[in-house]
2 protein chains.
Amino acid sequence: MVTIYDIAKRANVSAMTVSRVINNSGRISAGTREKVKRIMEELNYIPNSTARSLVKQETKMLSLLITDITNPFFTTLARGAEDAAHQLGYKLLFGNSDEKLSKEKEYVDMVLSTRVDGLLFAPASDASADHLAMLNVHRIPFVLVDREVPGVEADMVLGENRTGAFQLMEHLVSLGHRRVALINGFGTVSTARERYAGYREALERHRLPYDDSIVLEYGYNRFDDPAKLERILRMPDPPTAIFAANNMLAVSIIGYLRDRGVSVPEQISVVCFEDVGMASELDPFLTVAVQPAYEFGYRGIELLMERIRRKEEMERQTIRLPSELIVRKSAGAPPHRL
Amino acid sequence: MVTIYDIAKRANVSAMTVSRVINNSGRISAGTREKVKRIMEELNYIPNSTARSLVKQETKMLSLLITDITNPFFTTLARGAEDAAHQLGYKLLFGNSDEKLSKEKEYVDMVLSTRVDGLLFAPASDASADHLAMLNVHRIPFVLVDREVPGVEADMVLGENRTGAFQLMEHLVSLGHRRVALINGFGTVSTARERYAGYREALERHRLPYDDSIVLEYGYNRFDDPAKLERILRMPDPPTAIFAANNMLAVSIIGYLRDRGVSVPEQISVVCFEDVGMASELDPFLTVAVQPAYEFGYRGIELLMERIRRKEEMERQTIRLPSELIVRKSAGAPPHRL
DNA sequence: TTGTATGCGTTATCAG
DNA sequence: CTGATAACGCATACAA
């Protein structure tokens, strides 16, 4: 490997002079600067950032931990994060927890040992608090994105889940629905709680009854339990609409409905949180509350960098990003009862 | 920061002994091992992999460079790569070239300085050869994924683009199409050349004429040039089908057709390479040649690791992964002419 | 403007 | 089984 010493020897200067040329620090005569630069080119020298990190105690690496690398919401978020990091001269280490605490822990251990300068973190659940505590112990700055964790103080970039859910429900109610099932994420995830709150708020606003039996806590993965759905559809008074708490749930539920011969929206309406990537373009079908996923990532990294630079002397910040109701075709008037 | 010396002091042993406990190397008495372990726990010690990398000359990091982090093909590939890397105890550094050589170069410089142990690389075009040459100069092992580069010898994981394109065309021909437009990626990208070859091969097989005026080299980004499409649609003898060389092109083209009131597949058929993520589940519409994207990533990392372990003493390998024709609804019989 | 000595946290090597 | 020393490649502090 070519080191600064190799350059130094060839240029008849000291290693320090080479270092200064690389970092544009200190004063150097134009002559030696040129000579050193030329020799670096000749030898294809590239600074070893491992060594640099060791002495400077910074890696110029940030890390992004998300819960599902195949979900368009998170990939778009990742894109925003990557763009921001790249522009700021940082590399991005990705991790994928699959909504699992065990994978999340492994990943946190990894980044701790990698000594990344900071972490943009979408926690799998409230139980992620332990992992965040580890980050605090080791003084790794982090920003929470998409989800918050009770009892953890941190900078955050969050969506307006409650309002978004409320709007989705308002839309359904305005179409005439009075009985709406909610297929939600786990109650241990803040976004699921907030969407639930928006759901209930809408019911109350319109003096609609809350019925526990059409509210399911399923989790944010694809829905894979036809029996539960069947039970709801076979009720004497079945819901006329389904509010799926995220895109994966909506897509898989619509799949089941289709397989069963139930047409959307004619027989039942479906709405959800988060958009569905290319699907919304190919066939603008799903009525959704879209979150600005790219902004989540971009502003998350910006906030993280601000925290890194200003250390403790900055107030904690929470950025709330609104969602937008996009009315398409998956929700219509409820069917007439015979 | 807690270091190996802090542990050593507390345990009344040397730093080396601590190091041996951490790495399970050398023989150590059960007693001191336990003591050291306990103290590491107490102090929340986590090894500094930066320092370790410096002396061991390996970072336990691999890098994945893709051309579009928002395309479901690449995100699924990324997922496969992340899974493989994680299982092998490696971290994954992601990069996104946006199909641009300039971003690709920046990224290559970054990983060179980061001293990753290897790189899984989806080159932006044939001109990426320069960047690959840099990797060779610095002896960074790499595996090409999805695309090959003429003149560059390397391990590769590639798709069967020619066969896949041929099958897609066969399907169209079997439906009765005799005039099919091709909207392709740039000729400087190997997959575009191969898909083009499959297209021509199918024409020849069925003794259909090749018409230059309905073959467009557009690039793999979303199609954004209505005029070009208009020109083709307005021909006296317009094509009855469009073969879009990737998912982005297909989706955006279908969008334009819809806006213009042209219905697919009634008035014109559309097929493409690569699936469209959630869209294919929400509404199984597009007839496509699906590539095993996850395998691309997973096997790419496996191959890369093999190369890293066995160095030069291994023959170069090329893995060819077949695509699968999935017939859905976007292609039907050509319309009857009046 | 340039150079010397030192240390970042870890492991390889050799000695005991 | 354990320890002392040097080295990985670079940058900081100080000296010249």
Practice item. Specify the separation, in whole Å, of atom CE of B:Met1 and atom C1' of C:dG7. Key: 13 Å

Check your understanding: What is the distance, rounded to the nearest whole Å, between atom OH of A:Tyr5 and atom C1' of D:dC10?
Key -> 7 Å

Exercise for review: Output yes when at least one side-chain N/O atom of A:Ser25 is less than 4.0 Å from OP1 or OP2 of D:dA11, else no.
Suggested key: no

Review point. Taking OP1 and OP2 of C:dG3, is either one under 4.0 Å from a side-chain nitrogen or oxygen of A:Ser14?
Key: yes

Check your understanding: Looking at residues 37-62 of chain B, who's got a heavy atom less than 4.0 Å off DNA chain C?
Key -> B:Tyr45, B:Pro47, B:Asn48, B:Ala51, B:Arg52, B:Val55, B:Lys56

Exercise for review: Could you pick out which residue, B:Ile22 or A:Ile28, lies toward the 5' side of DNA chain C when each is mapped onto its nearest nucleotide?
Suggested key: A:Ile28

Study note, to complete from the structure: Students should find that the end-to-end axis angle of the helix from C:dT1-D:dA16 to C:dG16-D:dC1, with five pairs defining each axis and rounding to 10 degrees, is 40°

**Study point:** Length of the CG-C1' vector between B:Asn23 and C:dA12, whole Å
**Key:** 12 Å

Check your understanding: Just checking, any donor-acceptor pair under 3.5 angstrom between side chains of A:Lys60 and A:Ser53?
Key -> no

Review point. Counting only heavy atoms not in B:Arg27, do more than 12 sit closer than 6.0 Å to its CZ atom?
Key: no

Review point. Should A:Asp155 and A:Leu144 count as side-chain neighbours, where that means a heavy-atom distance under 4.5 Å?
Key: no

Study note, to complete from the structure: Sequence neighbours excluded, the answer for ring-ring contact (aromatic ring centres under 6.0 Å, His included) partners of A:Phe94 is B:Phe94

Review point. Closest heavy-atom contact between B:Thr67 and B:Arg147?
Key: CG2-NH1, 3.6 Å

Study note, to complete from the structure: With sequence neighbours left out, the residues meeting salt bridge (Lys or Arg N to Asp or Glu O under 4.0 Å) with B:Glu295 are none

**Study point:** Over 12 foreign heavy atoms within 6.0 Å of CZ, B:Arg115
**Key:** yes

Check your understanding: When the distance from CD1 of A:Ile4 to P of C:dC8 is rounded to whole Å, what number comes out?
Key -> 18 Å

Check your understanding: Is the number of heavy atoms from other residues, nucleotides or ligands under 6.0 Å of B:Glu315 CD greater than 12?
Key -> no

Heteroatom pairs (N/O) under 3.5 angstrom, protein to nucleotides 14-16 of chain D:
none

Check your understanding: What residues form a side chain to side chain contact (heavy atoms under 4.5 Å, CB included) with A:Lys105, not counting sequence neighbours?
Key -> A:Asp109, A:His131

Practice item. Could you tell me whether A:Arg33 atom CZ has more than 12 heavy atoms of other residues or ligands within 6.0 Å of it? Key: yes

Check your understanding: Within a radius of less than 6.0 Å around CZ of A:Arg299, do more than 12 heavy atoms belonging to other residues, nucleotides or ligands occur?
Key -> no

Exercise for review: Determine: side-chain N/O of B:Ser29 to OP1/OP2 of D:dC1, distance under 4.0 Å, yes or no.
Suggested key: no

Study note, to complete from the structure: Heavy-atom nearest nucleotide on DNA chain D taken for B:Arg115 and for B:Thr32; more 5' hit belongs to B:Thr32

Review point. Over how many whole Å does the gap from A:Asn24 atom CG to C:dT2 atom P extend?
Key: 14 Å

